[in-house]
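First comes the structure, then the notes that go with it.
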Amino acid sequence: MSKSRYVSGLRSVEQLLATQAAEVRSLYVEYQTANPRVEAVVQKARDLGIEVQQANRARLTQISGEARHQGVVLDIRRNQLWDEAELRSQIETKLEAGERVVILLLDGLQDPHNLGACLRTADAAGVTAVVIPRHGAAGPGPTVSKVASGAAESLPLVQVANLGRVLDWLADYGIPRLGTSDGVEESLYDADLSRNLALVMGREGPGLSHGIKERCDALLRLPMHGSVSSLNVSVATGICLYEAVRQGRIRLAAEGSSG
């Protein structure tokens, strides 16, 4: 499916012009800016044949819904919003092709900054898709796009009515469902994250909800050696995903040497 969205902030705009210019409809830029980075963005857009429209600061805030737009807003086609059926189809395609599937499921994050940070890390770690609840949680928006620095427009994002139902059918495909919790014994570093994986992260504060926790095949903890008892969810997500990346590379190297 394809939707129009607005993305603001210099870093995000620069990234999208560099990597996804074909999806950009137009660039809105603040009148009479003296910022050389903004001028470079305008020139880049013109070189790419993208329409450039000038607007005052208030208009940019209205368009983007973000007061800290840094004088630039892109109107883009958002092509990576999947529905549940499309997620299922993509997973089946990958499994049939023997490709690794890594799904990140976020159980009700409230802070759009945390969602944006999780998307950015998930994109960098090569995650297949990120699944979030449609209701009662942070969703796509200007703050998420700005924090994600382009990942929110390239990484498949799936909003679903029932996260538990998705976990149920992921089990039908034999994909292990691993959650995180402070109150368990098994360490992240003792788990096998080298193959297909559904990683489930809980919301800020309470963590995983009871129904979601019960659907996980295993619960893992991140070892904590200092005085703090837990990490920010976006930091914890990054640690888990990159442990999965590390283990996956070791497995591939071992399979390559044995072949």
Side-chain heavy-atom pair Leu157, Ile132 within 4.5 angstrom cut-off: yes
Determine, using the 4.5 Å side-chain heavy-atom cutoff (strictly less than), whether Leu197 and Ile250 are members of one ILVMFWY cluster. no
How far apart are the C-alpha atoms of Val131 and Leu106, what are their side-chain angles, what is the distance that settles it, and do they pass the side chain to side chain contact (heavy atoms under 4.5 Å, CB included) test? CA-CA 6 Å; Val131 183; Leu106 302 174; over 6 Å; no
Less than 4.5 Å apart, any side-chain heavy atom of Leu87 and any of Trp169? yes
Quick one: does any side-chain atom of Gln54 pair with a main-chain N or O of Tyr31 as donor and acceptor, under 3.5 Å? no
Please find the pair of heavy atoms, one from Leu208 and one from Lys213, that lie closest to each other, and give the distance. O-CE, 4.0 Å
Do the non-hydrogen side-chain atoms of Val245 and Val102 ever get within less than 4.5 Å of each other? no
Atom pair CG/SG of Leu193 and Cys240 - distance to nearest 0.5 Å: 7.5 Å
Before you tell me yes or no, could you show the steps for Leu199 and Leu241 under side chain to side chain contact (heavy atoms under 4.5 Å, CB included), namely the whole-Å CA-CA distance, both residues' side-chain angles and the distance that decides it to 0.1 Å? CA-CA 8 Å; Leu199 176 66; Leu241 288 177; 3.8 Å; yes
Between Gln247 and Glu243, does the side chain to side chain donor-acceptor pair (under 3.5 Å) criterion hold? Intermediate values first, please. CA-CA 6 Å; Gln247 290 190 23; Glu243 176 62 12; 2.8 Å; yes
Whether the Asn56 and Glu30 side chains hold a donor-acceptor pair (N or O, under 3.5 Å, no angle test) is what I'd like checked. no
Are Arg88 and Glu84 ion-paired here, with the side-chain N under 4.0 Å from a carboxylate O? no
Can you list the steps and then say if Val130 with Leu105 is a side chain to side chain contact (heavy atoms under 4.5 Å, CB included)? CA-CA 6 Å; Val130 177; Leu105 300 99; over 6 Å; no
Criterion side chain to side chain contact (heavy atoms under 4.5 Å, CB included) on Val233 and Arg203, from CA distance to verdict: CA-CA 7 Å; Val233 63; Arg203 67 180 291 182; over 6 Å; no
Which atom pair, heavy atoms only, marks the closest approach of Ser194 to Arg251? O-NE, 2.9 Å
Nearest 0.5 Å please: distance from the CG atom of Asp75 over to the CD1 atom of Ile63. 8.5 Å
What I'd like to find out is whether the side chain of Pro133 reaches to under 4.5 Å of the side chain of Val160, using heavy atoms alone. no
When rounded to the nearest 0.5 angstrom, what is the spacing between CG in Asn232 and OG1 in Thr237? 8.0 Å
Polar side-chain atom of Arg221 near backbone of Glu185 as donor-acceptor pair, under 3.5 Å: yes
Let me confirm one number: the CG-OG distance from Leu220 to Ser187, rounded to the nearest 0.5 Å. 7.5 Å
Rounded to the nearest 0.5 Å, what separation is found between the OG atom of Ser12 and the NE2 atom of His69? 14.0 Å
At their closest point, which heavy atom of Ala122 faces which heavy atom of Leu155, and how far apart are they? CB-CD2, 3.7 Å
State whether the side chain of Gln110 and the backbone N or O of Gly108 hold a donor-acceptor pair below 3.5 Å, judged by distance alone. yes
Using only atom types and a distance under 3.5 Å, with no angle test, would you say the side chain of Asp217 pairs donor to acceptor with the backbone of Pro176? no
Shortest non-hydrogen contact from Val184 toward Leu219: CG2-O, 3.6 Å
Quick one: does Ser8's side chain have a donor or acceptor within less than 3.5 Å of a partner on Val73's backbone? no
Output, in order, the C-alpha distance, side-chain angles, deciding distance and verdict of salt bridge (Lys or Arg N to Asp or Glu O under 4.0 Å) for Glu255 and Arg195. CA-CA 12 Å; Glu255 291 177 351; Arg195 300 180 185 274; 3.7 Å; yes
Just by distance, do the side chain of Arg215 and the backbone of Leu167 share a donor-acceptor pair under 3.5 Å? no
Under a 4.5 Å cut-off applied to non-hydrogen side-chain atoms, are His225 and Pro223 in contact? yes
Can you tell if the side chain of Leu222 reaches within under 4.5 Å of the side chain of Asp182, non-hydrogen atoms only? no
Do the side chains of Leu115 and Asp111 get nearer than 4.5 Å, heavy atoms only? no
Within the distance-only criterion (no hydrogens, no angle test), does the side chain of Arg134 pair as donor or acceptor with the backbone N or O of Gln159 below 3.5 angstrom? yes
Given the rule that I, L, V, M, F, W and Y join up when any side-chain heavy atoms are under 4.5 Å apart, are Leu252 and Val101 in one cluster? no
Tightest non-hydrogen contact, residues Ala198 and Ile175, listed as N-CG2, 3.6 Å
What is the minimum heavy-atom distance between Asn114 and Ser234, and which atoms define it? OD1-OG, 3.8 Å
Check: Ser89 side chain, Ala85 main-chain N or O, donor-acceptor pair, under 3.5 Å: no
Hey, are Arg11 and Glu14 close enough for a salt bridge, meaning a charged N less than 4.0 Å from a carboxylate O? no
No-hydrogen, no-angle side-chain donor-acceptor test under 3.5 Å, Glu92 and Tyr173: yes
His210 meets the side chain to side chain donor-acceptor pair (under 3.5 Å) criterion, sequence neighbours left out, with Glu214
Measuring from atom CG of Asp123 to atom SG of Cys118, what distance do you get when rounded to the nearest 0.5 angstrom? 13.0 Å
Can you name the side chain to side chain donor-acceptor pair (under 3.5 Å) partners of Ser26, sequence neighbours left out? none
Flag the pair Val72 / Tyr28 as yes when at least one side-chain heavy-atom distance between them is below 4.5 Å, and no otherwise. no
Taking side-chain hydrogen bond (donor to acceptor under 3.5 Å, both in side chains) as the cut-off, I'd like each qualifying pair that reaches into residues 44-53, sequence neighbours left out, listed once. Gln43-Asp47, Glu51-Gln53
Transitive ILVMFWY side-chain link Tyr242 to Met201, under 4.5 Å: no
Give a yes or no on whether Arg249 atom CZ has more than 12 heavy-atom contacts from other residues, nucleotides or ligands under 6.0 Å away. no
